[in-house]
Each structure stands twice: as C-alpha cells, then as structure tokens.
Amino acid sequence: MAQREGCLVFAVNGERFELPSVDPSTTLLEFLRTQTRFKSVKLGCGEGGCGACVVLLSKYDPVVDEVKDFNVSSCLTLLCSINGCSVTTSEGLGNSKDGFHPIQQRFAGFHASQCGFCTPGMCVSLFAALVKAEKTNRLEPPPGFSKLTVSEVEKSIAGNLCRCTGYRSIADACKSFAADVDMEDLGFNSFWRKGDSKEVKIDSLPLYNHDAENCTFPEFLRNEIRSSMFLDSKRYGWYSPVSVEELQNLLKANDISNENEMKLVVGNTGMGYYKELKCSDRYIDLRYVPELSMIKVDLTGVEIGAILTISEVIEMLRKKDKGEFPSRGEIVLNKIANHMEKIGSGFLRNTASIGGNLVMAQRKCFPSDIATILLAVDSEVGIMNGSRSEMIKLEDFLTRPPLDPKSVLLSVKIPHQEAVRQVSPETNTTLLFETYRATPRPLGNALPYLHAAFLAEVSSCKISNGIMVEHCCLAFGAYGTKHAIRARKVEEFLTGKTLTAGVLYEAIKLVRATVVPEEGTMSPAYRSSLATGFLFEFFSPLIDTESEISNGFLESHFSADSSMLKKNQRCKIPTVVTSAKQVLGLSTEYYPVGEPITKSGALLQASGEAVYVDDIPSPTNCLYGAFIYSTKPLARVKGIKFKPKPHPDGVSALISFKDIPNSGENVGSKTMFGTEPLFADDLTQCAGQRIAFVVADTQKHADLAANFVVVDYEMEGIEPPILSVEEAVKKSSYFEVPPFIYPKQVGDISNGMAAADHKILSAEIKLGSQYYFYMETQTALAVPDEDNCMVVYSSIQCPEFAHSVISKCLGIPENNVRVITRRVGGGFGGKAIKAMPVATACALAAQKLHQPVRMYLNRQVDMIMAGGRHPMKIIYSVGFKSNGKITALQLDILINAGTSPDISPILPRNIVCALKKYDWGALSFDIKVCKTNTPSRSAMRAPGEVQGSFIAEAVIEHVASTLSMEVDSVRSVNLHTQYSLDLFYEHSAGEPLEYTIPLIWDKLAMSSSFNPRTEMIKEFNRCNKWKKRGISRVPIVHEVSLRPTPGKVSILSDGSVAVEVGGIELGQGLWTKVKQMAAFALGSIQCDGSGDLLDKIRVVQSDTLSLIQGGFTAGSTTSESSCEAVRLCCNILVERLATLKERLQEKMGSTNWETLIQQASLQAVNLSASSYFVPDFASMEYLNYGAAVSEVEVNLLTGETTILRSDMIYDCGQSLNPAVDLGQIEGAFVQGIGFFMLEEYLSNSEGLVVSKGTWTYKIPSMDNIPKQFNVEILNSGHHRKRVLSSKASGEPPLLLAVSVHCATRAAIKESRKQLLQWGGLDGSASIFQLDVPATMPVVKELCGLEAVERYLEWVAGYGRKADGKCHYLCTQKDHAS
C-alpha cells in the first residue's frame, strides 16, 4: 500500500497502520487500547513505573540495514514518535490462534502468573532481552537456551512489578532461558517431576530456538522507510527539525506567536514524573538534529549529544576498545555507566535522554542521579540560546535561573581525568572514583534518599606513611535541595591533608553542615547522615594502612586491578539471583484434585488475550468518567467550576448527589454494618471523598477535566475535623461493634498480673496503613438496557453487593440490574467494598445520559480514595515470669476506621484471633473502632490479623529484651499446649492431631539450620562493624471462616461442562481448583473417558442474575467453599446419570462420557444442577498453622536491609492444588514484606494521601525478595471436617513476613550494643520500638544517625589512651561481604 507523503505509518504485530491525523499528545498505549484489538498492554500507573504497558519497539536504519530493538513504556511514548517503527506486544509474540511463544509457555508452566495483569509486560521485557542478546557475538548457547546470563535475565524484568506472585516463580521462568542456569536451581513447575535428570528437564521445557529469526520488523515497513519518514507538521502538530538552524527557527517562531507553548521531546519520559495538567498541541521532536546525537571522543574527554538515551550512553561508556579511553578515565566512565544502570528501569532508560534528565534537574529541581555523578567529574554542558552557543560548567548550569523555552541543552562533556588533572604530573597519584545511592530497591527503579559521587587523587605520604589527598571532588544530590551540589568547603579542607581518623572526623562534621535538606523534606536527619556515611565509606579504607604500605604501595595496592582497591569498590550492580527450594506433598487420592496443574487461563494471561473489564470493547456512543474528590476533610461545598475553560473539551455532564433519582438513594457501598454515600452532599466528610463525577467523550478528556475542577469550600461554622484516633477518643467518636462479633477475654487478668515476677506497663506501638496496589485499578462499564435495566461489568470481589447498591441508588428493582465479573486484576480486599461506588457511579451516569459509561481510575486517584489497611495505636501492659513465660497481657487498641464503618467492626475479632497465637495466661483488651474524618479503611489481605500477629511479636520481643533472654526461647516457652489452645480458640481449635505448630516449629529449626546459623551470625557480627545480621523464627495461628457459597454445573449436549460459582477469580486460582473438583466429582460416574474430564470443563464469568447469593470473595476460604458447592452439584448430576449409565452398560457392555450425555439429553434428564453450600456451624471456623525463619543483613551506614534467606513451613492440610497454594504462600509473604519493611502510605495534615504513585509508593520488586526463598507445604493428613481435607492459603502466610521485621530488629540490636560501646546511645541497646514499616530511615535512626562520628571519636579516644596514636580499624570484611 502506498504511503501518503507526511503520514504517520507504523506496524503493530506485523499489521500496518496509517493515520492521516492524530492528536500529538496521544500515547502509544492510548492508541493500542482504544484503536486496536491488542489489549495486552495494560495501564498500571501511567508513570513508567510498573512495566504493565511495556512493548517492544523496533527501528530500522536503512543506512546500515539494521534493526534496533528495545522495550519501552507505551504509557509515556508519544504515538507520533514511533513513525516508521514496528511495535510488538505480547499477542505478537504468541497467541491461542498462532501458537504460544516459549516465554508464555514457561510463564504458565512455572506457575508465574496469578491475576495475570502484569504478565504480558513481563513477557515482552524478557523477549526484548532475548532479542538483544541474540544479536551479540557471544558463544553459541546449548540447545533450548539463549545467550543471556542468569543475572541479565533477572535484570531484564527488574523494573516490572507484580503484586501477586512474590516474584520467585517469575524469576525461575525467566532463568530457564539463561545459558548459565543451574537446572537444579529452577523451582517447582509443570514440566518435570522431582528426581528427573538434567537431560529430561531440558527436554521437557518448551523449546526455545535462539537461531529462529525474530521478525520484529515487517518487510513492507522496510521498503517504506527508504523514503522520507517525516510527518506533516501542519496536520499533526509534530515538528522534526533536521538541523540546529531549523530548530532555532522553530523556537523563534514559537516565541513570536501567542499560541500554546511548543513542547520539546525526545522520549517524553518526564511526563511520568511531572504530570501534565493540559496537553500540548505542538511538539518539537529533537531526535533528528545531528548535533544533538553526536559522540565526540578526544584527549580532552567525551562529549555526548543531549538526545542520546541513558541506555545509549551506558553502552557507549562501557566500550572497552583498546586505546579508546585511557585507563584512568576508563575506570571513571565505567562506574558512571554502572550507576546509570540503576536510574529508572530498562524500559525507561531506553527512551529517556541524558539531556532531558539534566534539563528537568535544572528547570524543575528533579533529583537527578546524572547531575550528581557528572558534577563529581567536573563535567560541562553545551547550551544554545537563540543563535548563541556556549560551553559552561555543569555546576554553573544547575545554579542558573531555569532555562527559558528558547534555550536548548546541546551536549554534555565528561572531561578525561588526565586533561583536567589538578595535581602536578610528577606526583605519583592514584585516582579513586565511587558513586553511591541510598534507595529501597537495590537495582534502582526508585528515587534515592540521597546520591553522591566522590573523585579523589591520592598519593603515598613519605613522611607520615599515610595517604594524602592531593585533590577531590565531592558531589551530593537528591537530599532535599534544589539541585546537586559540590561540597566545596569539605574539598578545600581535605586537599593536601594526610588522612587520619581525626581529619576524617572534621571532614564529616563539615559534610553534615553542608548537606542540609530544605524545610519540608522527609527524613532530613537521615539524609544528612547518609552523606557522612558515604564519605566515611569512601575514605575510611585509606586511613592508617601503614602496615600494608611498602615502597611500591600505590602501584601494587591502588592499581586498577589491585586486590585492595577491589575490596574498596563495592559491587555496583547488586544481583537479584535467588535460589529457592519447594517441598510439596502430592496426593492422588482425589485425582485430579491435589494435582499441581497450571492455573486456568495462564497462557491467555501471558499472551494478553485474557479479557479484563477495561479490555471489553467500548459500546457505541460510550462515555467515560472520572471522580472529583474533596481536598478538605470537613467542609461545605458551595460550588464546582472548571478552569480555565468553563466547558473543557469533550465534557458531557457533571454528576453529583443532586442527580440521584427521587426514587433512589445516595449510596455508594454497603456492608452489614452500614452504608457509605456515593457522593458527598453539601458537607464533605474527608479529604479524598467523592464529590462529583465528570463524564466526557474519552477517558483522557474526563481525567483532564477532573484536573481542571475548582471546588469552592466554606469552613465557617464547621467543627474542626477529627484526624487522629486520639482526637476521636476526646470526642467519643466511635463505630459500634455488635456484641456478637466482639471477641471474648480469656482468663482473669488480675490473677495473671499478680502471678508475674516482672511487668512492663503502658508500652506503646503505632501501626500505619498499606495500599493494595492491585495492578489493575478500579474499573467498571455500565450499559443501559431495555425496560430501564442496567448491565454493569465490574472488577469486583462481591458482585452481589454491587448489584444491590446499584439498585438502591438508581431506584430500580434488583431484577433490573445485572453485574458481570469475569476476572479481577488483583484485589487483596480493595476490590470489595471500594469497587462498589465505581460501578454505581458509572450506572448512575449511564441511567441519566442514556448512554454507556465506563471508568478506569488513574493510579493517583485510586490511591487517594482507596483507604487501605487500618492504622492503629496500641498500648499494652504485660506480666511475665523470670523464665519468659507470660502470665497476663492487657491491651488498649484504637483503630482508625475513617469516615464510614465499611468492614471495620470485624477488626477487633480479627486482631485478637491472630494475637492469641501465644498462650498469654490471661488476655484482656479494650478495642475501640474510631470514626475519623479520613477515607474509610477497608479489608486488606489479612485485615486485623497481620496487625494482631505483629502486636504479639512486639510483646514477646519486649519481654525477651527486658529479661536479656534469647527471644526464640521466649517464643518457645509461650507456644500453646493443646489445653491452652482449646482455652483461647474455643470453637476453632479442632482435633488434637490438627494442632501442628509443635511439629512445624521443630521441623523448621532443622530444615532451616536455625541453631547453627544463629551461632554463625553471632560470629559475623563480632567480625563486622558496619554490617550486622539478625535471624528470627516466628509462628502463626490464623483463624478462617467458611461462608455459604452457591454453585451451578451444567453439562452441555456434547459432554462439555459449564460451571458457575459465587467466588471470583482474582488470581488466587479459584477457577483452577473448581475445575479440578468438578472433574473429580463428575468422574465418580466411572464411565469410559470420564478420567479426561478436566479439559471439558469451563468455569464461566459471574453473573448476578444467573447465580444469586454470591457473597464476598474474601477471607481465604472462597476457593474451598466454591469447590464444595460444585461438588454438591456434581453429586446431584451423577445421581441423575447413574441409573441411565447402568442401563447403557447392560445394553452395550461399556459406555463413554459423550454417549452417556447424548442419551441423557434424549431422555430428558436434567443436566443442570444448582446448590448452595452452607457450612456446618461446628466446622465453619478452623485454624491455619505455619512458621518462618528469616535472616537479614543491615547496612549500618545506610539502614538498608537485605533479606538473605527465608524458610517457611505452612500447613495446607491436603492441598487442592499445591502449585496454586505455593504461589499464594510466596505472594502473601512478599506482600507482607511490603507492609513490614517498605510501604509508606502517607497523608498530609488534612488527611489527603500524598503517597500517590509509583514514584512515592514502593511495593517489593524483584530485588527485595529473599536471596534464598524456601517453602515447604506440609501435607498434614486428613481433616475430616474440611473440604477434601484442604486448608486455606491466601492470607495466613502474609503474617509470616513479620519474621523479616523481627530479624531486622535483631540486627539493629547488635548495632546498638556496638553504638553503646562507642558512647553514642542514650538508654538501652535492646529495648526499643522498631516501627512498621521498618524503612531505611527508621532502621538507620535506631542504628545511630551519628554512628560514624561516635565511632571516630571512640577510635581517637582509644588511640590516645593506647599510645598517643590513632588506632584505626575498618574491617575489610564489611566491604567484601
């Protein structure tokens, strides 16, 4: 097809697209999702921070006849920028029609997809790495493998987030492609069985042929590219200058015109950080200006064009061509490249330009790593202003007023160190260069608390036998300052001095006075402390090394390949290689139940063909909605206006409580405890409350319009809001907890306290919140139907409740409403109550406007409105014996429930149930559910239980510290006996054989080598000053309840089976277990072919008119309840078919399944059966048991905690599907790591959430999980009251992650003992409260914000006492470990 001149032409999965015009602000993601059938690209964050939208972008260079492939974030990539390119999505890799790609097959086979929303992006990221590796000149890999290494494979997906799996299975699926993988290191999968040989394992993997040509760029596009590929700027508003002169003219013309300002773009990645409130209508694409993409290398240094991407700069700096870079410079350039590899993620670095990064730092005070590391090497930048160009120092550039729109950054120059050498050539010096960043994710993809880069020239001082600093550059950034700085006073102080502890101490004092965060910066003291710690780490190995100095010292110890220098050079790219083992008990008793079959739909999820709500094609005339929320906690709403335009583009209506029909109610959600309004009426109740719903012709227009809303508030005559539990207590603002769910006290607290040898009185704990971070945000589609009916597609965990709420709000009978849910892209409780208002708002707007209305909340708004986990304040008093046995525990707990009850009244029961895992002797509590003017909190995975389990461990830790006992001993002595278990868990304790904690506790000690490792850790801590390790073993007891659940099984005339259940597939494998149960139960008919029923069964979407009383999918037990409901249906069908089967057998001798069903149809046998499983009261509640051992290492200079190893044993009863349960256990544990160690869900002083995106809210990523991750599923035998002897796995394992927090506490305790020795600690080394989450600032503060200073003072004091000379010891193991 001939291309029209100046048209936008590109390919997607080999299909040609030509667009005669397009809004230049359109992103590739927006186009793919709204204008094509390819829906595998998902909107997860809109910031380039999650990887759900990743695609492969391929560019063809006709000059060298070469295709360049790289992955990009389609949510940030502008559509006009891909002119002449080819895009490959996960559907393009493989699909159900053309066959699946080995990547997709291995993801499914390694059980690496749960909700599946993130899986297509993961597959594409790995594919991009494979394609890139195959183009290298590396040695041929073994058959079935790629040229990638294990380390490269894991880094390739390090920027992709997953909230479900815990990453271990994903890592294994990816590692299976690596040429250097150890097959024994690959975890549980569906390809081979335990004990298979290496050869069998390799043969079992879906074959990957690395020689097969990856056709990422279609031939038809190659032919078109040979002609001009520039867009018609008038049609597209997209300008592509090809020279500096043309660029100057465009900027000049823009300056003269009064139109909207043109936006200069390269990769557009800045939009991910600085959200655009309005879209530009004209763009200047800088990528075709040759002067901006040049690379110039000469004796003075390396000059890099400003539009080179960060990935291209990394590649260029790492070139090892002999003679291209002199050796001193090569070390510097290589380390700059290593640091750059931690900026963002690979798919961001592939399009983000180095110039754009620096301009954001200069104009908008972006905390740029690049600015800091280049500042340390005295870099320069080239600037063009009008027709004038100049080279200036980067330091001067950063301190200038913000660059005006007419100015352009042309290039960056990194000087060669010999050319700028500050020391006489005659002086024999060694060049040292190091970069640092303190961030919650070791591999990057997170903004640091502080970054630094230090360059120093040092020489051997003949007089003092020490090391002299001849010259140094010290740069710091991102610590809460406008831009990176050079610490000039520190540099001047150090220059010319011989390094001693005293000199370093004075330098560190100067650093602390220099690196001062601005007011309002979070954790300011921590950031200053990082600066001193990094300087100490850089210079400390050079102090008092006289014992190692000889005449040839500098040559032998500080040459580029010397061992001492290597010790000082930390591994700059931490690997995320994880080894893991899984021990599973398999059973064939109820085949195929108990088989570890792959998750139903996993391949469709990997290819992107699985349909989520937002993937449903928009009906004709569909409108799109966005919420307008309050920014005030308690205020009167006087009016809502749009600015600057009174009628923004595309807006159809503004819906508020006034638009609810007279017959309807202002209700957005409901539980058994009450309702929450859909919209605030005249008075808002909290910041983040829904005020109105703007409806427009596209989601983009709706979101933009919501940004332009100005709400007029009035505060006069309104009481101050209640924003804390303390204020709620003062005003007696509580929600009622019905007596029948309030937990019972245990024992006599007075007697328990009287029996105690020791008491701790009124100790306090505070726990924060946690955001769900489901990968798919809240979404719904409402379609008006005939006769005033409404069909709503909702991503929800409880369609039945949404059904009822929509009916009430719209004022129509419930039989006029239908809510359909096929699958949910992650829920964790957040898609239950909180999904109802989303569905209801769409339905209300659709009813009013007589058009379909849909909404997909952007991540920012979702986070503001979500509520999340319940914060709480706990005050406890505990009595205990001298041997650690606790006799009494008294608790006062205040729960912040927010503005409406939601499910909050069940929290007291849940907290106490998990807390009772130890025998407290007597247990008394007063728990209040506080009503505050903050967003209502809702259930989040293990709601209340995770807090209760933590409270128990905090008490145990406090008792152990008070008695100076090993905490593990205190835990052991307080474990339940069968008698105490029956006392504390009256109705749910079960039979004595079911109590497996004593077995698990001892078994785990053996399998994890707990005692030997404890001794090894003590030795490690004795030998290391700046790294400390801790280990902890914790048990859990978690009570769950079964709920009534419906089921329906229909056998079609061809013998295929359709199953409906009340439970919703959230990624937890519910459909998979249900299929297995249906196959098992129907198989009992025992006719020929009934053993292969699994492939004939399909679980269909939830439909609230087809199957009523669906209830909640929550509490970990819906899978087993749904299975039991299906079993009851199948039993009915088998009973109906049995007589017919006997007759057919008498006639024919044998009969197969298909014949049986055909005959049943002919003879009018009812082949559909419904059931409603109602659990027996006596067996409705039961206990789950498990234990975990975790070992961590804490870096005392930064507060970084590395999880070295976690071992778990979890009792699943007789697992319905061990593969599914294993995924649930690992995923829950890693989500728990997020709660205990990483995730800060913060609000401002008015209660408005400020952690509202991937930049500020950090869930665990691939590099946060344990380096060794071992899980054993205990097959604890028969539990006759359970569903086929199975037990729940969804929530309880999350509680085991407290082991990581307790291990961190143990490591901190060791550091505080050391700090006490140095005189840097007021109070006890062992009694302290470690907050949740134990983030880097929290850990560092407890380890001593001034630990370095105290250490240097102590060393100096010790030296003076010893022999008048400073005796310095910096254990090299700290650097090598």
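What you see below is based on every heavy atom in this structure, not just the backbone, and it leaves out hydrogens, waters and symmetry mates.
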>> salt bridge (charged side-chain N to carboxylate O under 4.0 Å, His left out), that's the test. Do E184 and K201 meet it? Break it down for me.
In response: CA-CA 9 Å; E184 293 300 314; K201 290 177 179 179; 3.1 Å; yes

>> Evaluate F1229 against Y1210 for ring-ring contact (aromatic ring centres under 6.0 Å, His included), listing each step before the verdict.
In response: CA-CA 11 Å; F1229 185 81; Y1210 183 74; over 10 Å; no

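D614 has a carboxylate O that lies under 4.0 Å from a charged side-chain N of R33, or vice versa, which qualifies the two as a salt bridge. Electrostatic pairing of R823 and D615 does not count as a salt bridge here, judged by no charged N lying under 4.0 Å from a carboxylate O. Ion pairing between a basic and an acidic side chain is recognised when a charged N comes within 4.0 Å of a carboxylate O; K39 and E91 show no such pairing. Ion pairing between a basic and an acidic side chain is recognised when a charged N comes within 4.0 Å of a carboxylate O; K1267 and E1193 show no such pairing. For the pair E1200 and R437, the salt-bridge criterion is not met [side-chain N within less than 4.0 Å of a carboxylate O]. Salt bridge K599/E1065: present, at least one basic N to carboxylate O contact under 4.0 Å. Using a cutoff of 4.0 Å between basic side-chain nitrogens and carboxylate oxygens, R163 and E1239 are scored as salt-bridged.
Ring geometry for F117 versus Y612: interplanar angle over 60°, hence perpendicular rather than tilted (30 to 60°).
When the salt bridge (charged side-chain N to carboxylate O under 4.0 Å, His left out) test is applied to K132, no partner is found at least two apart in sequence or on another chain.
Ring to ring, Y167 and F1269 are not that close: their centroids are 6.0 angstrom or more apart.
Within 6.0 Å of the CD atom in E15, the count of heavy atoms belonging to other residues, nucleotides or ligands exceeds 12.
Under a cutoff of 6.0 Å and an axis angle of 45°, R859 and F773 form a cation-pi pair.
A side-chain contact (heavy atoms from CB on, under 4.5 Å) with D1221 holds for exactly one of S1119, S1215, P1293; it is S1215.
Nearest heavy-atom pair across D172 and D185 is OD1-O, 3.8 Å.
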